[in-house]
Amino acid sequence: MTSSDFPNFKTHFIGLLQQASNAVTSLEAAVSDIELTRTKQASHGDYSCNLAMQLAKPLHKSPREIAQLLVNALPPSTYLEKVEVAGAGFINLFLKNSAKQQFLHYILHSKNTFGNGTLGQGKRIQVEFVSANPTGPLHVGHGRGAAIGASLSNILAAAGFDVSREFYVNDAGRQMDILTLSTWLRYLELNHIHIPFPQNAYQGEYVKTMAQQIFQAHAQRYVHQPELLLDSLPEAVLATEMNTDEQLDKLIANTKKILGQDYAYIHNFVLTEQLGDCRNDLMEFGVEFDTWFSEQSLFDNGLVAHAIELLAKKQHLYQQDGATWFRSTNFGDEKDRVVQRENGQFTYFASDIAYHLNKFERGFDQVINIWGADHHGYIPRVKGALQALDLDAEKLQIALVQFAVLYRNGKKAPMSTRSGEFVTLRELRQEVGKDAARFFYVMRKSDQHLDFDMDLAKSQSNENPVYYVQYAHARVCSVLVQWDGNVDDLQDVNTEALSSPAELALLQKLIDFPDTLEMAAKEFSPHLIAFYLRELASEFHSYYNSTRFLVPEIPLQHARLALIASIRQTLSNGLLLLDVSAPDKM
RNA sequence: GUGCCCGUAGCUCAAUCGGAUAGAGCACCAGCCUUCUAAGCUGGGGGUUACAGGUUCGAUCCCUGUCGGGCACGCCA
């Protein structure tokens, strides 16, 4: 038997049920998408089908009666032990033990490709995630998007998609100007020039670090005329504190005027610095991108103006109060949106339209944005813009990740980048470790709120579920080392001896892996992989405690070793999807 | 005020997009190491799925309402 000729049981049985359905009912009454689910109880067989219940109404017969007709019409299968009608009209399928036992050959031949599927059919899919403003270190909230995006990308790749990972760099906006100003003010302080530091500028220590770097490299090179900085700001303000947006904007404008060409240097320095830090941080978290896409480049290449012109040409824009508006209400948005301000500047939305147009022009079959839940109100206008440009908005799918609320010392911790009071992703990694953090993040469904208790995460780092899974992997490795044989020799051994309930349950669990992976890809749900791994590890640990593997009877020993080697392979493949290591020893 | 998300065991979360007796972990109680790793295993108590109706063979899931929590509602990014 080779790895490629093993059928997907689920697909195989759905095909048989489809044939039975065609024999029993007419085309118009037929159910288009036959569902086959795994059973929760062994007495219900391995797979269950509710087709008969769905056909009860159109056929005007009782579900059990239809179920029996379907069973009678079911073509024979070499993998089926028996088929039963049960309960309200379920059709329960029982897999032959031999089919389960032989599945191990498939796993051991497939090795690290076991679980991979063809759902994606090589379609090009882009996943954009994190895309945090490069104005400070990533915090634990960004970590969640990073972990989910990276794991989902891996899952989609395993499911047969051609995945491109992208980080959208917001390097063109006001936030970058505020960071530039903040750094310059700190730099001036190092030159003993003290100007009140605005409350709403970036307070973090990392700003001082960057100022220090500039100071060390260039001394007083960028001091210029700081006395002009406070021009047109009322004296009264200076006496107290600066904390309004208008004051901040005035400071930025003055800074640009004073520094002239040198403004670009500082701006570029802080951007490069923060982006480098971000890239490094993510890399250490196991998250890498194929493309870092610059927002500024959209302006530099005229793509923003081009996108807006295109909308104008298609009659979706109008002028009001001196600004240019996009009629997004025509596409389900609750109000129209400004794309170009009265002062001629394009809005963030305008560059986002250009960005999404560009994504589509790059020819992706599907585009996924992983956004924080606070952006949900933004979806209708972006999809609306795509529709207005006569693009297929269905190709864009937005996966919302709910907020992570951080608790520290039993209290809600602030997470504002501006104030500088936040727990960074780097701190989290150092305190609980990369593996534990990555696993912890995907242990929850992404559209569920996440309570992140730092104290718990730290104190329980030894009880984190990730160690439970890794421990199962290490245990198998340990047994195989003591067996002292070649694992490849187990690929085709006779596995008929695996007949205990625990062994058959484990076999079925392994068979579930490809289906679980496909489901995770379809539903954008990495948490399914994490839960699957924990369940598989649980069944293994239980089996480990009840059964000896290195028994004298060689056929039995080899069969059991083939089973645990397959478990190890599956754990390893699953952990790899989450970028969690699979250690040989613990 | 309007819109979106959510409410499941003491706590943190699942439940294969409407299926059979709603499941795990933590915590609590009682056991298991001279045998392949005890970061493990076995057993136990824990629930009116926020509440009230509705839809149907069948509802944690779909619809309506109430209560409670989060988020978003800018010519900010």
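Order of the sequence lines sets the chain letters (A, B, ...), proteins ahead of strands, with each chain counted from 1. Quantities reported herein were computed from a predicted structural model and do not represent experimental measurements.
In this structure, A:Ser542 reaches the B:rU42 phosphate: one of its side-chain N or O atoms is under 4.0 Å from OP1 or OP2. Within the 4.0 Å cut-off from OP1 or OP2 of B:rC17, not a single side-chain nitrogen or oxygen of A:Lys445 is found. Within the structure, a side-chain polar atom (N or O) of A:Tyr471 is placed less than 4.0 Å from OP1 or OP2 of B:rA39. Listed pair A:Gln482 / B:rU37 meets the phosphate criterion, a side-chain N or O lying under 4.0 Å from OP1 or OP2. For the OP1/OP2 pair of B:rG23 and a distance below 4.0 Å, the side-chain nitrogens and oxygens of A:Lys40 include no atom meeting the criterion. A:Arg341 has a side-chain polar atom (N or O) that falls below the 4.0 Å cut-off from OP1 or OP2 of B:rA77. Contact between the side-chain N/O atoms of A:Tyr543 and the OP1/OP2 oxygens of B:rC36 is not found at any separation under 4.0 Å.
Rounded to whole Å, atom P of B:rA24 lies 20 Å from atom CZ of A:Phe540. One atom, CG of A:Leu506, and another, C1' of B:rC41, lie 14 Å apart when rounded to the nearest Å. If you measure from atom CG of A:Asp333 to atom P of B:rA72, you get 17 Å, rounded to the nearest angstrom. Distance CD1 (A:Ile91) to C1' (B:rA20): 15 Å, rounded to an integer number of Å. Residue A:His473 contributes atom NE2, which lies 18 Å from atom P of B:rA39 at whole-angstrom precision. Between the CH2 atom of A:Trp371 and the P atom of B:rC5 there is a distance of 16 Å, given to the nearest Å. As rounded to whole Å, 11 Å separates atom P of B:rA24 from atom NZ of A:Lys509. The CD atom of A:Glu518 sits 16 Å away from the P atom of B:rU16 (whole-angstrom rounding).
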| query | So what's the dot-bracket for RNA chain B: Watson-Crick or G-U pairs under 3.5 Å, [ ] if a pair crosses, | if it pairs off-strand? | reply | (((((((..((((.....[...)))).(((((.......))))).....(((((..]....))))))))))))....

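Listed nucleotides: B:rC36, B:rG40, B:rA20. Nearest to the side chain of A:Arg475: B:rG40. Closest approach to the A:His375 side chain among B:rA77, B:rA20, B:rU42 is made by B:rA77 (side chain taken as heavy atoms from C-beta onward). Considering only side-chain atoms of A:Glu523, the nucleotide from B:rC17, B:rG19, B:rU37 that sits closest is B:rC17. The A:His376 side chain lies nearest to B:rC4 when the options are B:rC4, B:rA20, B:rC41. For A:Met519, the listed nucleotide lying nearest its side chain is B:rU16; candidates were B:rU16, B:rA77, B:rG40. In the set B:rC13, B:rG40, B:rC75, the nucleotide with an atom closest to the side chain of A:Ala323 is B:rC75. Minimum atom distance to the side chain of A:Ala88 is reached by B:rG19, of the listed B:rA15, B:rU35, B:rG19. For A:Arg444, the listed nucleotide lying nearest its side chain is B:rU12; candidates were B:rU12, B:rA20, B:rC57. Picking from B:rC13, B:rA15, B:rC17 the nucleotide with the shortest atom distance to the side chain of A:His527 gives B:rA15. Ranking B:rC75, B:rU12, B:rA20 by closeness to the A:Lys335 side chain, first place goes to B:rC75.
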| Going through the distances and angles, do A:Asp245 and A:Arg174 end up as a salt bridge (Lys or Arg N to Asp or Glu O under 4.0 Å)? | CA-CA 11 Å; A:Asp245 280 350; A:Arg174 179 166 171 271; 3.5 Å; yes

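For a distance-only test at 3.5 Å, the side chain of A:Asp177 fails to qualify as a donor-acceptor partner of the base of B:rA77.
Side-chain contact, A:Thr135 with A:Gln175: no donor N or O sits under 3.5 Å from an acceptor N or O.
A distance of about 16 Å separates the C1' atoms of B:rG45 and B:rC26, rounded to the whole Å.
Heavy-atom minimum distance, A:Phe129 versus A:Ile370: CB-CB, 3.8 Å.
B:rC33: glycosidic angle within 90° of 0, hence syn.
For A:Ser542 (side chain) and A:Glu539 (main-chain N/O), no donor-acceptor pair under 3.5 Å exists by modelled atom type. Proximity of a side-chain donor or acceptor of A:Asp584 to a complementary backbone N or O of A:Ala474 within less than 3.5 Å is not detected. Under the 3.5 Å distance criterion, the side-chain polar atoms of A:Ser182 are matched with a main-chain donor or acceptor of A:Ile178.
No side-chain heavy atom of A:Ile398 sits under 4.5 Å from any side-chain heavy atom of A:Tyr378.
As judged by a 4.0 angstrom heavy-atom cut-off over every strand, A:Glu342 is placed among the base-contacting residues. Note on A:Asp515: nothing from the nucleic acid sits closer than 4.0 angstrom, heavy atoms only. Across all strands shown, A:Phe531 has heavy atoms under 4.0 Å from sugar-phosphate atoms exclusively, and none from any base. If you check every strand for non-hydrogen atoms under 4.0 Å, A:Asp584 touches a base. Using a 4.0 Å heavy-atom criterion, one finds that A:Asn133 contacts the sugar-phosphate atoms exclusively.
Residues A:Cys49 and A:Lys585 each lie close to RNA chain B; by heavy-atom proximity, the contact nearer the 5' end of the strand is made by A:Cys49. Remark on RNA chain B: of its neighbouring residues A:Gln41 and A:Thr347, the 5'-side contact belongs to A:Gln41, judged by nearest-heavy-atom nucleotide.
When the options A:Lys359, A:Gln397, A:Glu166 are evaluated for a side-chain hydrogen bond (donor to acceptor under 3.5 Å, both in side chains) with A:Asn369, the one that passes is A:Lys359. A side-chain contact (heavy atoms from CB on, under 4.5 Å) with A:Ser151 holds for exactly one of A:Leu578, A:Leu577, A:Ile529; it is A:Leu578.
A:Arg444 forms a cation-pi arrangement with A:Phe440, by the criterion of a distance under 6.0 Å to the ring centre and an angle within 45° of the ring axis.
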